[in-house]
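What follows is one structure encoded as structure tokens, with my remarks underneath.
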Amino acid sequence: MDGAATLAAAPDVVDWAVKPAGHRAGDAVSNNTYLGHVMTVDTTGLGARARAEELVAGLRVRYADEFAGALA
């Protein structure tokens with residue numbers, strides 16, 4: 001997952017996690033199958049959700065077949 005360094009550096013992110021490289025994602029049957037999460041805080045208003053969505057939009061999931069094509 002590209003972009004996770006942005007999460008670590010953001011002062012308004014209170015918790016985050018992404019699955020490690022090589023993780024095999026299955027069908028989305030519960031919250032346990034998510035590839036990660038981002039939790040933010042907004043101490044001055046109601047912007048925490050919008051900020052979390054902005055950060056998640058900045059992440060990029062790369063799949064094994066993308067790597068295979070790069071090696072060919």
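In what follows, every heavy atom counts, from backbone to side chain, and hydrogens, waters and symmetry copies are set aside.
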Atom pair CG/CE of Leu35 and Met1 - distance to nearest 0.5 Å: 5.0 Å
With a 4.0 Å cut-off on N to O distance, would you call Arg51 and Asp42 a salt bridge? no
When rounded to the nearest 0.5 angstrom, what is the spacing between CG in Leu59 and CG in Leu7? 5.0 Å
Nearest-0.5 Å distance that lies between atom CG in Asp15 and atom CE in Met39: 5.0 Å
Of the non-hydrogen atoms in Val41 and Val14, which two are nearest, and what is the gap between them? CG1-CG1, 3.7 Å
Would you say Tyr34 and Leu55 are hydrophobically clustered, going by side-chain heavy atoms of ILVMFWY under 4.5 Å? no
